[in-house]
A.B. asks: 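Supplied in structure tokens, the structure appears directly below.
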Amino acid sequence: MAAGKGGSPAVEIEVDGRLVRVSNPDRVYFPATGATKLDLVEYYLSVGDGIVRALYERPCMLHRFPEGLAGEKVHQKRIPRGAPPWLETVRLHFPRYDRYADELCVTELAAVAWAVQMSTVEFHPWNSRRADTEKPDEWRIDLDPMPECDFGRVRRVAAVVHEVLDEIGATGWPKTSGGRGLHVYVRITPEHDFGDVRLAALAFAREVERRAPEEVTTTWWRKDRDPAALFVDYNQNARDHTMAAAYSVRGVPDARVSAPLRWDEVDDARPEDFTIGTMPARFAELGDLHKGIDDATFDIAPLLEWAERDAREGAAVPPEP
């Protein structure tokens, strides 16, 4: 073992035939629990099938904490020079700046371990894959609570979301956000651009708001929203907007995880129950609850018809975020 710079000796971990060197394995990343960098690596290995499925072939932004949570957070798109030759990437163009970035594109678990070695805590993938990064294959429903909205309201709105999804024949895959909210993912046919998917997501959000007007808002400006409402954030479907993946750890003191749920668990779920300490046993018992997600594809055409109806009735489309 070699010593990490100013820290504990590095260790080498074999991941599916590849050696990944972990420097400073004893560095504490989560002061509230004492969880270390090596604990983080071991967590991701314990949910390997799940995290790889969530990230597979997707451009991925890395949220890095080089000094642990006590230090600065770094949002990293570009893979640094010196990355192992087996690491896979996808090149993206960012028109606003006319720049390119080669982002991590996970195809195997060793890439996840390498990213954690590079101090990554959170994985934020795109909702499209590298075969055609401009055509999303995932519609994301983000139930984002305003400051005075409790999780009971999140649960109730999730039930409305489930009801509407069932009515239109879409299969939703819920998970905790790892924060105070809930996410529901739906696989879609990759035939539409980001603008259309965002428009479809807005139409769906407005339908949820119609059914629960006392609890839900789709108001564009944050300052205009009821502080106790739940915002159904359709903007998470815009280009280059990313969310924490299923099984991603979040950069919060108790090392919470964005945890897949069964629908029958939502009413009793508490975000704080899902951490790097509790998830390995849950995964060992239940496996990946999102395992079938790629087999349940939905065509967003009905939602685009809803969007056309809303436009005819005078509903404006908010500007791109």
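Throughout, numbering of the chain's residues begins at 1 and tracks the sequence.
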A.B. asks: After noting the C-alpha distance and the side-chain angles of R250 and E122, does the key distance pass the side chain to side chain contact (heavy atoms under 4.5 Å, CB included) rule?
C.D. replies: CA-CA 6 Å; R250 303 307 303 271; E122 302 186 16; 3.3 Å; yes
A.B. asks: Go through the steps to decide whether F298 and T171 satisfy the test side chain to side chain contact (heavy atoms under 4.5 Å, CB included), and finish with yes or no.
C.D. replies: CA-CA 8 Å; F298 175 70; T171 302; over 6 Å; no
A.B. asks: What residues form a ring pair (Phe, Tyr, Trp, His ring centres under 6.0 Å) with W263, not counting sequence neighbours?
C.D. replies: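 Result, ring pair (Phe, Tyr, Trp, His ring centres under 6.0 Å) vs W263: H162.
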A.B. asks: Is the closest basic N to carboxylate O distance between R140 and D142 below 4.0 Å?
C.D. replies: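 No, R140 and D142 are not salt-bridged.
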A.B. asks: Is it the case that the side chain of D196 and the backbone of L199 share a donor-acceptor pair, with hydrogens and angles ignored and the cut-off at 3.5 Å?
C.D. replies: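 Checked: no pair found.
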A.B. asks: Check the angle between the aromatic planes of H63 and H75 and answer parallel, tilted or perpendicular using the 30° and 60° thresholds.
C.D. replies: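 Ring orientation of H63 relative to H75: parallel.
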A.B. asks: Any carboxylate oxygen within less than 4.0 angstrom of a Lys/Arg side-chain nitrogen, looking at D294 and R129?
C.D. replies: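 Salt bridge present between D294 and R129.
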A.B. asks: Just distance, no hydrogens or angles: give the donor-acceptor pairs under 3.5 Å from side chains in residues 303-312, sequence neighbours left out.
C.D. replies:
from : atom 1 : to   : atom 2 : distance (Å)
D310 : OD1    : R210 : NH2    : 2.7

A.B. asks: Salt bridge between E265 and R282, side-chain N to carboxylate O under 4.0 Å?
C.D. replies: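 Yes.
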A.B. asks: Find the distance between OG1 (T133) and CZ (R91) and round it off to the nearest 0.5 Å.
C.D. replies: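 Here the rounded value is 12.5 Å.
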A.B. asks: If we ignore hydrogens and angles and just use 3.5 Å, is the side chain of K135 paired with the main-chain N or O of S128 as donor and acceptor?
C.D. replies: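 No; zero donor-acceptor contacts below 3.5 Å.
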A.B. asks: Does F274 have any ring pair (Phe, Tyr, Trp, His ring centres under 6.0 Å) partners at least two apart in sequence or in another chain, and if so, which?
C.D. replies: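 F274 satisfies ring pair (Phe, Tyr, Trp, His ring centres under 6.0 Å) with no other residue.
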A.B. asks: Rounded to the nearest 0.5 Å, what's the gap from NZ on K37 to CZ on R27? Could you check?
C.D. replies: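 With rounding to 0.5 Å, NZ (K37) is 6.5 Å from CZ (R27).
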A.B. asks: Are more than 12 heavy atoms from other residues, nucleotides or ligands located less than 6.0 Å from atom CD of E72?
C.D. replies: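 12 or below, so no.
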A.B. asks: Does the distance from a Lys or Arg side-chain N to an Asp or Glu carboxylate O, for R211 and E167, drop under 4.0 Å?
C.D. replies: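 Between E167 and R211 there is a salt bridge, with a charged N closer than 4.0 Å to a carboxylate O.
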A.B. asks: Please check this pair: side chain of T189 against backbone of E191, looking for a donor-acceptor N/O pair closer than 3.5 Å.
C.D. replies: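 It does not hold such a pair.
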A.B. asks: Verify the cluster assignment for L261 and I141: are they in a single hydrophobic cluster under the rule of side-chain heavy atoms below 4.5 Å apart?
C.D. replies: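 Same cluster: L261 reaches I141 through Ile, Leu, Val, Met, Phe, Trp or Tyr contacts under 4.5 Å.
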A.B. asks: For a quick test of reading the model, state the closest non-hydrogen atom pair linking A54 to P125 and the distance between them.
C.D. replies: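 Heavy atoms only, the tightest pair is O-CG, 4.1 Å.
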A.B. asks: CG of D254 to CG of D273: how many Å apart, nearest 0.5 Å?
C.D. replies: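 Rounded to the nearest 0.5 Å, the CG-CG separation comes out at 10.0 Å.
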A.B. asks: Can you list everything that forms a ring pair (Phe, Tyr, Trp, His ring centres under 6.0 Å) with Y100? Sequence neighbours excluded, please.
C.D. replies: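 Ring pair (Phe, Tyr, Trp, His ring centres under 6.0 Å) list for Y100, sorted by chain: H93.
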A.B. asks: Tell me whether K73 at atom NZ has more than 12 heavy atoms from other residues, nucleotides or ligands lying less than 6.0 Å away.
C.D. replies: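 Enclosed.
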A.B. asks: Please verify the inter-ring angle class for Y185 with H183; under 30° counts as parallel, over 60° as perpendicular, anything in between as tilted.
C.D. replies: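 Parallel.
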A.B. asks: Table please: side-chain donor-acceptor pairs of residues 105-114 below 3.5 Å, with sequence neighbours left out.
C.D. replies:
from : atom 1 : to  : atom 2 : distance (Å)
T107 : OG1    : E88 : OE2    : 3.3
E108 : OE1    : R18 : NE     : 2.8
E108 : OE2    : R18 : NE     : 3.1
E108 : OE2    : R18 : NH2    : 3.3

A.B. asks: Using the salt bridge (Lys or Arg N to Asp or Glu O under 4.0 Å) rule, collect all pairs that involve residues 228-244, keeping only residues at least two apart or in two chains.
C.D. replies: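 For residues 228-244, and leaving out neighbouring residues, the salt bridge (Lys or Arg N to Asp or Glu O under 4.0 Å) pairs sorted by first residue read K77-D240, E134-R239.
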A.B. asks: Nearest heavy-atom pair of P318 and R206: which atoms, and what distance?
C.D. replies: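 Taking every non-hydrogen atom into account, CD-NH2, 4.2 Å.
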A.B. asks: What are the two closest non-hydrogen atoms of A212 and V160, and how far apart are they?
C.D. replies: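 Taking A212 first and V160 second, the nearest heavy atoms are CB-CG2, 4.4 Å.
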A.B. asks: Starting at CG of L182, measure out to CG of L143 and round the result to the nearest 0.5 Å.
C.D. replies: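 Between L182 CG and L143 CG, I get 5.5 Å after rounding to 0.5 Å.
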A.B. asks: Any side-chain donor paired with an acceptor under 3.5 Å for R64 and S119?
C.D. replies: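 Looking only at side-chain atoms, S119 and R64 do form a donor-acceptor pair, the distance falling under 3.5 Å.
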A.B. asks: Give a yes or no on whether a salt bridge exists between E138 and R187, defined as a side-chain N under 4.0 angstrom from a carboxylate O.
C.D. replies: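 A salt bridge is present here (some side-chain N lies under 4.0 Å from a carboxylate O).
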A.B. asks: Any donor-acceptor pair under 3.5 Å linking the side-chain atoms of Y29 with those of D39?
C.D. replies: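 Side chains of D39 and Y29: no pair found under 3.5 Å.
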A.B. asks: According to a 4.5 Å side-chain heavy-atom criterion applied to Ile, Leu, Val, Met, Phe, Trp and Tyr, with indirect links allowed, do V257 and F65 form part of one hydrophobic cluster?
C.D. replies: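 Both belong to a single hydrophobic cluster.
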